[in-house]
Protein chains: 2
Amino acid sequence: MNTNKYKETRQRELILLILKGTHRHPTADWIYDEARKKIPNISKGTVYRNLAILSERGEIAELNLSGTITRYEIKQPPHYHFRCEQCGKVLDVNIPIAEELNRKAGKETGFKVTYHQLEFRGLCKDCQQSSKKG
Amino acid sequence: MNTNKYKETRQRELILLILKGTHRHPTADWIYDEARKKIPNISKGTVYRNLAILSERGEIAELNLSGTITRYEIKQPPHYHFRCEQCGKVLDVNIPIAEELNRKAGKETGFKVTYHQLEFRGLCKDCQQSSKKG
DNA sequence: TTAGGTGCAAAACCTTTGCCATCCC
DNA sequence: GGGATGGCAAAGGTTTTGCACCTAA
């Protein structure tokens with residue numbers, strides 16, 4: 001049931017490739033900079049439009065957790081994130097999703113809770129190092 | 001060691017009062033509109049500056065969880081939030097914090113995990129109603 | 001008295017959009 | 001061919017900042 005209303009374009013493929021090739025959770029701006037290395041005259045509008053399309057298609061996910069700048073990642077099974085409070089780095093955390101929290105929250109509120117987003121905060125390895133040194 | 005570098009001003013007190021008087025998790029803009037009812041010529045810059053100061057002082061908290069617009073609330077013990085995917089409403093969820101997740105995440109990543117932010121998603125009561133009707 | 005605060009407006013950001021030429025199917 | 005897409009630039013929305021005047025302590 002692929003709704004073939006999309007064409008495959010160099011720009012879109014490049015953006016997807018960039019996201020597949022990084023473990024960062026990059027911002028649109030970073031993706032734009034990377035993309036320009038291959039297609040120098042690609043525009044930011046194109047980057048944003050394609051990120052929106054890829055997100056709608058379900059190929060990538062928007063990470064809106066904390067901070068005002070949206071970050072993106074290749075679509076994966078649900079997982080948690082960690083954000084370093086010092087350097088701002090965002091990383092995946094591979095521990096099981098606490099599904100029971102959804103049930104608890106649903107019972108508490110009477111709402112229909114379908115999922116949750118969670119972001120751990122603290123210091124990453126690098127920043128722990130530099131804290132010790134400092 | 002109280003760094004008494006702050007003065008108490010009408011504007012700041014009003015903003016705090018507004019936040020104390022609501023269970024919404026309002027945006028800066030909503031706070032600004034409310035504030036103008038009492039101090040008509042208060043400026044947005046003042047609202048933003050005071051929200052930043054109150055946040056720094058620990059009297060209020062910034063809610064950056066998902067969405068690009070920052071929301072604010074009076075500082076409370078740590079708690080989770082629920083955001084309705086239909087109407088965008090944000091509410092507190094009073095279930096215990098899953099502290100063990102911090103430990104799990106710390107063990108998994110080797111990072112120093114100090115806390116986590118969690119937002120449930122789904123449909124609130126009102127929107128469940130309208131879904132049934134629709 | 002004076003450091004911090006205010007109002008105003010402009011600037012800075014991030015993101016979206018209009019327009020028209022271009023490209024893919 | 002024709003609708004989807006791209007590039008460009010302007011517009012939009014949120015937040016920050018510079019500046020001159022003001023005010024709480």
Side-chain angles (χ1 to χ4, degrees), chain A residues 2-19 24-57 59-73 83 88 90, chain B residues 2-19 24-57 59-73 83 88 90:
Chain A
N2 186 345
T3 65
N4 271 329
K5 76 176 184 183
Y6 298 117
K7 298 172 184 172
E8 283 318 317
T9 63
R10 296 167 60 219
Q11 289 84 347
R12 185 133 69 228
E13 279 171 5
L14 175 57
I15 289 167
L16 198 53
L17 205 62
I18 287 169
L19 274 165
R24 297 163 181 252
H25 297 68
T27 61
D29 209 53
W30 186 89
I31 295 167
Y32 170 62
D33 284 341
E34 286 299 300
R36 274 197 300 180
K37 292 178 185 170
K38 290 280 166 50
I39 305 179
N41 67 331
I42 194 172
S43 73
K44 256 191 185 172
T46 296
V47 171
Y48 275 105
R49 267 186 294 237
N50 278 313
L51 288 170
I53 288 171
L54 289 168
S55 176
E56 190 191 318
R57 278 208 232 172
E59 298 197 48
I60 67 173
E62 297 186 354
L63 285 185
N64 277 322
L65 275 175
S66 62
T68 44
I69 304 176
T70 303
R71 289 164 172 272
Y72 301 85
E73 67 179 7
R83 183 180 304 240
V90 176
Chain B
N2 185 348
T3 64
N4 269 329
K5 73 178 186 181
Y6 298 119
K7 297 175 187 174
E8 284 315 319
T9 64
R10 298 166 59 221
Q11 289 85 345
R12 185 131 71 225
E13 279 170 6
L14 176 56
I15 287 166
L16 198 51
L17 206 62
I18 287 169
L19 274 165
R24 299 162 180 251
H25 297 68
T27 62
D29 208 53
W30 186 88
I31 295 167
Y32 170 62
D33 284 342
E34 285 300 298
R36 274 198 298 181
K37 293 178 184 170
K38 291 279 164 53
I39 305 179
N41 67 332
I42 194 172
S43 72
K44 255 189 185 173
T46 296
V47 172
Y48 276 105
R49 270 185 293 235
N50 278 313
L51 288 170
I53 288 171
L54 289 169
S55 176
E56 191 191 319
R57 278 209 236 172
E59 298 197 49
I60 67 174
E62 297 185 354
L63 286 185
N64 277 321
L65 276 175
S66 62
T68 45
I69 304 175
T70 303
R71 288 163 173 273
Y72 301 85
E73 68 178 6
R83 183 180 304 240
V90 176

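Treat the numbers as computed from the prediction; the structure is a model and nothing was measured. A, B, ... follow the sequence lines: proteins, then strands. Residue 1 opens every chain.
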Heavy atoms only: give me the nearest A/I15-A/L51 pair and the separation to one decimal. CG2-CD2, 3.9 Å
Over how many whole Å does the gap from A/L14 atom CG to D/dT5 atom P extend? 16 Å
Hey, could you give me the NZ/CD distance between A/K38 and A/Q11, rounded to the nearest 0.5 Å? 13.5 Å
Between C1' of C/dA3 and OH of B/Y6, the distance in whole Å: 13 Å
Does a side-chain N or O of B/T27 approach OP1 or OP2 of D/dT14 to a distance below 4.0 Å, or not? no
Rounded to whole angstroms, how far apart are CG on B/N50 and C1' on C/dG7? 12 Å
Any B/Y48 side-chain N or O less than 4.0 Å from OP1/OP2 of D/dT15: yes
Could you tell me the separation between the CG atom of B/D29 and the C1' atom of D/dT16, rounded to a whole number of Å? 15 Å
Side chain A/R71, main chain A/L63, donor-acceptor under 3.5 Å: no
Sub-3.5 Å pairs of nitrogen or oxygen atoms, protein against nucleotides 19-24 of chain C:
from   : atom 1 : to   : atom 2 : distance (Å)
C/dC24 : O2     : A/K7 : NZ     : 3.3

Atom-to-atom span, CZ of B/R12 to P of C/dT6 - whole angstrom: 6 Å
Below 4.0 Å: OP1/OP2 of D/dT23 and any side-chain N or O of B/Q11: no
Round to the nearest Å and state the distance from B/D33 atom CG to D/dG13 atom C1'. 14 Å
Quickly work out the A/L51 CG to C/dC14 C1' distance and round it to whole Å. 13 Å
CG of A/L19 to CD of A/E59: how many Å apart, nearest 0.5 Å? 10.5 Å
Side chain B/R12, main chain B/L54, donor-acceptor under 3.5 Å: no
With rounding to the nearest 0.5 Å, note down the distance linking CZ in B/R10 to CG in B/L17. 13.0 Å
Nearest whole Å is fine: how far is C/dC8 C1' from B/N41 CG? 10 Å
Let me confirm one number: the OG1-CG distance from A/T70 to A/D29, rounded to the nearest 0.5 Å. 12.0 Å
Phosphate oxygens OP1/OP2 of C/dT6: is one of them under 4.0 Å from a side-chain N or O of B/S43? no
